[in-house]
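Notes to accompany the following structure.
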Amino acid sequence: MRVLLVEDEDAVAEPLAEALLVEGLSVDRARTAREALDAEDPDLVLLDVGLPDLDGYSVLREIR
């Protein structure tokens, strides 16, 4: 399963990504809304609502 982790803060994203990897998931990371929207279609998206370039709700609308 491919997970797209959209989080701009390393202190939050790194331990979360590590935990997902330990569980056997493939993790792609995006730090901005633009990176998230440009990413290949993941199976699951973990999305921060407070991104530096666009809010997470807008990203979610675009992904849907």
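Values in this document were obtained by computation on a predicted structure and should not be read as measured data.
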### Query
What heavy-atom pair brings A36 and A30 nearest, and what distance separates the two atoms?
N-CB, 3.6 Å
### Query
With distance as the sole test, does E18 use its side chain to make a donor-acceptor pair with the main-chain N or O of E14 at under 3.5 Å?
no
### Task
Supply the atom-to-atom distance S58 OG to I63 CD1, rounded to the nearest 0.5 angstrom.
11.0 Å
### Pairwise distance OG(S26) to CG(L21) - rounded to 0.5 angstrom
7.5 Å
### Message
Taking L46 as the starting point, is it possible to reach V12 by hopping between hydrophobic residues whose side chains are less than 4.5 Å apart?
### Response
no
### Message
Between V59 and L37, is there a side-chain heavy-atom distance shorter than 4.5 Å?
### Response
yes
### Query
Among all residues two or more places apart in sequence or in another chain, which pass the salt bridge (Lys or Arg N to Asp or Glu O under 4.0 Å) test with D28?
R2
### All side-chain contact (heavy atoms from CB on, under 4.5 Å) counterparts of A13, not counting sequence neighbours
L5, E7, R29
### Message
Can you give me the closest heavy-atom contact between D53 and A33, atom names plus distance?
### Response
OD1-N, 2.8 Å
### Message
Restricting to non-hydrogen atoms, name the atom on L4 and the atom on A39 that form the minimum distance, rounded to 0.1 Å.
### Response
CD2-CB, 3.9 Å
### ILVMFWY network linking L16 to L47, side-chain heavy atoms under 4.5 angstrom
no
### Message
Is there a continuous path of hydrophobic side-chain contacts, each under 4.5 Å between heavy atoms, that joins L20 to M1?
### Response
yes
### T32 vs V6, side chain to side chain contact (heavy atoms under 4.5 Å, CB included): CA-CA, chis, key distance, verdict
CA-CA 7 Å; T32 66; V6 186; over 6 Å; no
### Message
Would you say that V3 contacts D43 through its side chain, given a criterion of any heavy-atom pair below 4.5 Å between the two side chains?
### Response
no
